[in-house]
Structures are given as structure tokens and as C-alpha cells.
Amino acid sequence: MDLCPLIKNILLLDTEGKRVAVKYYSDDWPTNSAKEAFEKAVFTKTQKTSARNEAEITMFDNYVVVYKFVQDLHFFVTGGENENEIILASVLQGFFDAVGLILRGTVDKREVLENLDLIFLCLDEIVDGGIILETDADVIAGKVASHSMDDGAPFSEQTITQALATARERLTRSLLT
Amino acid sequence: MAQPLVKKDDDRDDEADYSPFLGIEKGAVLQEARVFNDPQLDPRRCSQVITKLLYLLNQGETFTKVEATEVFFAVTKLFQSKDIGLRRMVYVMIKELSPSADEVIIVTSSLMKDMTSKTDMYRANAIRVLCRITDGTLLTQIERYLKQAIVDKNPVVASAALVSGIHLLQTNPEIVKRWSNEVQEAVQSRAALVQFHALALLHQIRQNDRLAVNKLVSSLTKGSVRSPLAQCLLIRYTSQVIRESANTQAGDRPFYDFLEGCLRHKAEMVIFEAARAITELNGVTTRELTPAITVLQLFLSSSKPVLRFAAVRTLNKVAMTHPMAVTNCNIDMESLISDQNRSIATLAITTLLKTGNESSVDRLMKQITNFMSDIADEFKIVVVEAIRSLCLKFPLKHRSLMNFLSNILREEGGFDYKKAIVDSIVILIRDIPEAKETGLLHLCEFIEDCEFTYLSTQILHFLGIEGPKTSDPSKYIRYIYNRVHLENATVRAAAVSTLAKFGAMVDTLKPRIFVLLRRCLFDNDDEVRDRATLYLNTLGGDGAVVQTGEDVKEFLFGSLDIPLVNLENSLKNYEPSEESFDIYSVPREVKTQPLAEKKAPGKKPTGLGAPPAGPPSTVDAYEKLLFSIPEFANFGKLFKSSAPVELTEAETEYAVNVVKHIFDGHVVFQYNCTNTIPEQLLENVTVIVDASEAEEFAEVASKPLKSLPYDSPGQTFVAFEKPEGTPAIGKFSNMLRFIVKEVDPSTGEAEDDGVEDEYQLEELEVVAADYILKVGVSNFRNAWENMGADCERIDEYGLGPRESLAEAVNAVIDLLGMQPCEGTEVVPNNSRSHTCLLSGVYIGNVKVLVRLQFGLDGPKDVAMKLAVRSEDESVSDAIHEIVASG
């Protein structure tokens, strides 16, 4: 296992450092309080930085953490100290973009909470027991979307291409205004 | 989860904290989960309830065993629904609940059905869930499907099976290994991620077969890997192969061309992985390094912080071993000092400090000064440590570097940061004689305004050692005496001790010191007054210019070579009586420190501060135990207890080990016995010892063990008399004798009648090393010189052919049973000679120091020069005797 790139956890926190959705793949944090302590440490260390355009990176306690912020959400991916930073960043980017596609461009805490089922599915599709399953945002979002076939769910009548178009449109609009 | 359609944005501002999960509560959600049992399932509602349950678990809520079981059974009902979205949530929920083995059976058939479904998504997820929760017994049943899945044309299904295989390999290797052929086929898959997962699994299946891994790497490096992640894996496997095939042949390194080729890959993660792999090659040459450094240099000016960080972190490591190779990047590195990301900036600075040459130091220091004010303490500490090593590298630059340290010492900062600076100054003072006086003055200024009592006392202590040896000791007195006026009691007491040290060491200062000390007699703190009184009365001369006696100095300022924990224990055990407390009765054995610094390779030199307190030793426990037995109470002080020696093979009926307790005139063997047969009770357990091969020993007492029930260890003892103070050695054969009684396993009661029986144990030896205590010294050279050559004995020995130098060194250390000092027990790879320093205390409390010089004589023959210094020449001879006969 030690030669295979491993993800220790993926965290999605809000602007106060509170959990929105998290997934741990390693036993490094056996209890909930250990997990909370780690989240708090990660949050405080990165809070003052601006990770809104490019993914940022930091290292502490022998972990490498890559992170990216949008609106009131903080995305984190953690790996061991010897992990290839760029692989970690590709997982972060995959997660970040997939969430953007699933929520059709409106990525904030409220929207995430209202579609939390899809976010959980998304986490489930990215990493399995620490091993990277998929990093391509389109594929991840496609897998999540194809599963919600009932009427009320956001992706019911949309194909993934449509979703992408909507996302682009929203992005352009937000850039223009 | 209905979505508000209009006026979304306005609403949001009003209720910023709105959440669909606001105020949800476990009990209520568990109630809601009853909808899973409805005959007419509402998939959307069920999905919502599962989401709520997952939300609760995600927030750290836990379910009791009963609650979890209930939820699990309810969830299994949902397999009836055909709704894909709901099924997907069911899969996630089952994984989160991690059901027990008997619960797994309930869902097995449903999952197996999904595994063979036509829907790809069902197949992929059912495999992942089933493999996650299964305990292996099921695996043989589903193995056929898993093998099929590995070569499934849908990449998601194939990946699911492969990743599950990686997890299962940990628990059921023999089954997963049978999938080799399928996995090998999957390695050729066109789907990127399938290739990655297949390669990972294939390597793990073959990892213990070096030849197979070699073949795998040779065939794949010829180029059929498309996925960047798989390529990264291949690079890692290749480095492993290179590492293991090292020094088999000279000339070009195998596979280097492959690594270099990867530097031109289109994916950044592959380029970086290859560059890093090259920098980490064993004994990498400059020619091999250059292309890797070049791509890393390009990363340094990337717009992506992750790339800059990865590159600078790798270059930082390279700079430790190949500083010259990194100098080309210095200009890029300097611009990174102002990087927004402070981790990158700190790594850049510390790299520059490692690669900088003497002439660039001043310019660099200027840049760092601006930088220091806006980084956090943890980064500052890293910089301080880098500056310390820079200063040791360029001692001529000590003035500007020392100035820098003293400047940052005056700025704001937390304890750890200040301590790092002070430690650095102390180390520079010790190692660079020219820096001593300025360094000491910087420290003096610092304690004028230091908020940390610990640092003040440590600095005062250090001043007391170094100050008197300077050209003008008197100039420090003012700083020290100021502390007596202005500080808290702890610091005042430390200042009094330091003053006294100046008085003792510098005779001309003594009259003036006495005046100052007398003033301290009126201090309002007991400790301060006591210290002043003690010093005034012991330093002698009533304030005249006379020399203070050596023994007084030793008494007042000599180092306490007893572990403080042991001293504390002995003092606690001491009962006031006619006999006064004897400090020499305190055991000196310190257990060796566990490898606590495993995570921090390259142990930092410790500056100030007391030596780390050893963990409480078992010696005290033994001593207590032995003194509680009346037969042994008059044996005197326990000199040493050996580590337990096993006298039985593992997994025999009775497990026995022995601890040898050495006293001045006696030896006590403590046999620790364990009965591993539940149907037996042993009584009246003794060890019959035959000492015919140990002439100098005579048995004087033995203490049988009354009863030894199953699995609860007990001890029996045998004591021998031996000539006082001499290291008598001998061989003892042992026989366990006991009465065995049958025990009824159902009631646990033993029968009344027993049978006498015997059980042969292995032999045990008392060797010379049992008479030597492992006692380390902090500064071997000082100790060696102080001991003097009066009782020195030097001789040379040929150790004959040995496996390796390291093996020879360890053998001699074990033979002597002494404490290796200053890490000299470690023999660097490939060295032809080695010096090892040992220290210990010989029976009779005689300190012994040993210097061993090893050299390879011919291909395997090891020659050794043994120099022994001790306080007693007969002891020095005895050490040679041990080696000569060993």
C-alpha cells in the first residue's frame, strides 16, 4: 500500500470551520474529537490565506494539505508528508469542479446542504478507502447525476452536457456583473 | 429537499444560517426511518431520511449498537425499491454502518444479485459494498464474479473490482493472488483509471517477488502506460527496483533513461514524480541531477502555488546533500521570499541559507530581516535553525548572524521561538570561540527583559559556566546581580547560584561577590536565602582572595550524575532513621530513550535545558520486590538487574524467563513462570539449580512459589553467595520442579491430589557484562580527559572474520554491556573503520570509559584497538580480560 498514492481525508468546511461534509480514509484520527481537532487546526492555519483562484497548499504535523475556497465553503484534501503534492491537487480539483457541476455553478453552503445527498455520493465516487477512484470532474459528476433518476432531484431532466452549459453560463454571468 | 425558486438571493441574506438540517435530532430521525418499512415505499422520502442519517453520522453523532442494528435492518428493506438514486444512498449507508458479520448475511443475497445486474452502476457499487463489509468467508463464493468484473468492459466496474482487490489483499492475500491473470489483462486497459488500479494491485500481488517486480517494470517502462496516475506508480516502482539493484554494476544506472524521459511527460504530476525520484536516487551524480533540477526550476515560477511548493520542498531536500546543484535556482528562489504562501517563502529562505556562499550571506540576511516580521512563529523557528547551521558553516560570518539572532531575540515572540533563538546562540557560543563574548552579552541583555522564567534561569546557569572563563568575567556581574533585585524568586535563586559560581571560579572577584551574596541573606524567599547562606559558608575564605577547594566546587557545582526520577523515588522511600540518606544507594540505571524522534530524522543538537528525564526504571520495582523478601533483605544495595532471559522456547507448556539481580556479595535469580495449560494447577514451584559449572557461587536461599494457576505469572527465587565485589562468572543449569494438579475446566476447581513433576529449562549464565551498569556520559571527550591516563590500559585484538563492521561493533558492545555514547554505536554504511565510545559503572561503583577503534583488515577480518580508562587499574584490566576471554 505504501507506494500507492493515498488520500487521508477530504473536508468541506464552512467559514467558521464547521463541518459541512467530511470523509476520513485513514485511522490517523480515531475519534471524533481527534477529527475535530484536525479540522480546527487546518481551518485556522489556512483561514487567512486567499485560495479563491488557485488551489493553495500548506504542510503541518507531517501532513500535506491542499485547499481551495469558494463563497462560504472551504475545500481540503489531506495526504501524508511524502505524497506527491500535484496528485493531491488533482483530487482537490476533481472534487471542487464536480461539486460545481452538480450544483450547476451555484456553489455555497446552503446549496451544498440542500443537495447533501449528492455531495455524499460525490465523495464516495472520488476515493475508496484512501485509493483514488476518479479525478475527472465530468466523470464524477456524471456518475453522481446518473444515479438520481427520480423527478424532484436537480439532475432529472438534464444531461451532463446541459449541466456543463448551465455552469458556464452562470460563470460568465457572474464575471460580467 | 424542495428548492426555493424565487427571490433566492434575498432570502439568503435574511437567514444566513439557514440549513435544511437546522435543529435535527437523532431520536426524531430514527423515528422517521420507520418509513423504510412502509409497504408502499416513497423513494424520495426514504432518500431524504438516509441523507439525514448520514448527516448525523458525518457530524460525529454515534448510534448505539441497538440503533445501528435497527437502522441496518430497516435499510435492507429498501432493496425492494427499483429507484436508482435511492439504491445508491442505500449502498453508502450500509458502508457507513459497517454491519457485523451476522448482519452482513442479510444483505449478501441482495448485493450478489446487484453484482450480476445488467446496470453497470449496480455492479460497480455492489462490488465495493460487498468487499468492504465481507469477512472473507463469502469471498470464495463471489470470487468468480469479481474476476469477471476485473475485465468488465465498463471501466467503473473494473475499477471497483480492482480497488476492492487492493483492500482485500490485506486480509485475504491467497484468494486475491489467484486473480493475477485478470489483473494483468486489466493493466492493458484503455481506460486510464483502470490501468492505474490494475497496476497498483498487480504490484502488490507481486511485491515480495523481486524478479517479478523487475520484469513488470522492465516491460511497462517500454511505454504502454497512458494514465498519469499509473505512470506515477510506475516511477515509484522503478525507483524501488533501482534502489534494490544498487551497487550490482558500475556504469549507467538501469532505468535512469526512463525516469529522465518522464521529465518530458505532458502531465505535471508525472514530471514532478520523476524529478523527485531522480533527486532521491542513492548516490545521485550531478549529471543525473541536472535535468531534474531544471524542470523543478521551471515549476518555481509557475502560477500555481502547489507546483511552486512541490518544487521548493524538493529542492530544499536536495540542498542538504547537493547544495551546489541547487545554486542555479537561487535567483528564482530569492523571488519566492515574497511569495504570498508563507510555507513556500520559508522553504525558499531555508534553501537559500543552505546553498548560499559566504559572500551572499549579508545580502540574504537583509532580505530575511524584512521577511521575519510577517511570518508565524513556527516558520520563524525553521529560519532560526537554518541560520544556526549557516553560522556553523561560515564561522567568519558569526558577527552578522549573531547580530541577527540578537535582534530577533528582542522582538515579540512566543516561548518556543525565543527558546529556539537562545538555543542557537548557546550552540554558537560553544562551537565558535570568537563568538563567545558577544553571544554572552546578547544573552545578558535578553534576560534584562525576559518574560520567561525558564529561559532566564537556563541562561543564568549557562552564564555561570561560561562567564568565569572569559577575559573579563566582572562585566557580567552587574547583569546577574540585577536579576536579584528585579525578578521572581526562581530567577533570583538561579542568579544567586550563578554569582556564587563566579566567586568560586574567579578568586579575584570573591570579596566583591561575598558582599553581594550577603545582601541576599535578607531576601524574602526561603530558597534564595538558603542558597546564599550555603554558598557563603562553603566557598570559604570569609571573602578573602583565596582559592576554593576542588571538592567544594565539585560538591556545589558538579553535575549530578544520578537520574532525577531515581533520586526522587529513593528519597520518597527513605525513612528517617539513625542512618543518613546515602546518595550512592540511588540506582543509576537509566532506561534508554525510546526512538521518540523517529519522525524527525537528523536529530537537532540540543542547546539549553536539562537532559531529558528517562522513563521511570524498573530497577526500583525490582528493588522493592527483593527487599520485601526477608531472605534477601540483608544483601545490601541492588547493583544491577539484567533484562529477562528466556529459558524456554516460545509456546511451550510452561514459559519461564529469568532476571539476574546482582548484589555486592550475592546474586539472586528471579524466575518468572507462566503456566499455559488451563487444565493444570502447579503448586510448590521451585527451580533446582546446578551450579557445578559456577565454582565461585554457593546457594544460600531459595523461595518457592506456592501456587501457579493458569495464565497468571508468578515468581520463584534462588539466591547465591559469591566473593564480594568481584565479577564472578559461571554457568547454571536449571530444572523446574513442582506438584501438578488436574483442574476441571468447567468448574475451575483443582483435584486434591497432585503428582510431582519436573521440567527441564535451558542453561543460564552469569557473564562479565552483568557487573557493568550502562551509564552514559554527556560529553565523552571531557569525561575521558578528566579521567586521565593513570589507569589507562590499551591493547589490540584481532576479531577474526566478521559478517560486517557493524556486526563486530555490536558484538563487542553486547559483550561489555556498556552504554554507547554520542551515537557511536551506529556504523555508517561502507566504512572501513569506526570508533565507538562506551561508558559504564563497574561493580564497586567504579566509572569506566572505553574507546574502541575498529578497522577492517583484509576483506572480512576485523581488528580492534581497545583503550580503557577507569578510576582503578584492576578494573581496566578486568575489562580487557572480558574482551580477551569473550
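Please read these numbers as outputs of a predicted model, since none were measured by experiment. Residue numbers start from 1 in every chain, and the chains themselves are labelled A, B, ... in the order their sequence lines are given, proteins ahead of strands.
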Salt bridge (charged side-chain N to carboxylate O under 4.0 Å, His left out) pairs touching residues 37-46 of chain A, sequence neighbours excluded, are A:Arg19-A:Glu39, A:Lys45-B:Glu378

Strictly by salt bridge (charged side-chain N to carboxylate O under 4.0 Å, His left out), give each pair with a member in residues 120-131 of chain B just once, sequence neighbours left out. A:Asp124-B:Arg128, A:Glu125-B:Arg128, A:Asp128-B:Arg128, B:Asp120-B:Arg123, B:Arg123-B:Asp152

A:Phe69 vs A:Phe76 aromatic rings, parallel, tilted or perpendicular, using cut-offs 30° and 60°? perpendicular

Would you please classify the geometry between the B:His203 ring and the B:Tyr237 ring as parallel, tilted or perpendicular, with 30° and 60° separating the classes? parallel

Below 4.5 Å from any heavy atom of chain A, which atoms of [X] appear? Answer side chain, backbone, both or neither.
X	result
B:Ala200	side chain
B:Ser303	both
B:Tyr122	neither
B:Val92	side chain
B:Glu96	side chain
B:Phe196	side chain

Part of [X] lying under 4.5 Å from any heavy atom of chain B:
X	result
A:Thr58	both
A:Val127	backbone
A:Val64	side chain
A:Val22	both
A:Thr31	neither

So, are A:Asp14 and A:Lys109 salt-bridged, with charged N and O less than 4.0 Å apart? yes

Counting heavy-atom pairs closer than 4.5 Å to chain A, which one of [options] comes out on top?
options	value
B:Leu54, B:Leu169, B:Leu199, B:Ile344	B:Leu54
B:Thr314, B:Leu233, B:Val270, B:Ile50	B:Leu233
B:His197, B:Lys304, B:Arg87	B:His197
B:Arg308, B:Arg276, B:Gln240, B:Glu268	B:Arg276
B:Lys52, B:Lys95, B:Gln340	B:Lys95

Output the distance between atom CG (A:Leu123) and atom CG (A:Leu12), rounded to the nearest 0.5 Å. 7.5 Å

Enter the distance from A:Leu103:CG to A:Leu118:CG here, rounded to the nearest 0.5 Å. 7.5 Å

Under 3.5 Å side-chain donor-acceptor pair for A:Asn9 and A:Thr78: yes

Under 3.5 Å, is there a donor on one side chain and an acceptor on the other for A:Thr49 and B:Asn341? no

Leading residue by heavy atom contact count with chain B [cutoff under 4.5 Å; candidates [options]]:
options	value
A:Glu54, A:Glu36, A:Lys18, A:Lys23	A:Glu54
A:Leu133, A:Val139, A:Asp136	A:Leu133
A:Gly130, A:Ser50, A:Ala21	A:Ala21
A:Val66, A:Ile132, A:Thr135	A:Ile132

Tell me whether B:Lys317 at atom NZ has more than 12 heavy atoms from other residues, nucleotides or ligands lying less than 6.0 Å away. yes

Do A:Tyr63 and A:Phe38 have ring centroids that are under 6.0 Å from one another? yes

What are the two closest heavy atoms between B:Arg236 and A:Cys4, and how far apart are they? NH1-C, 3.9 Å

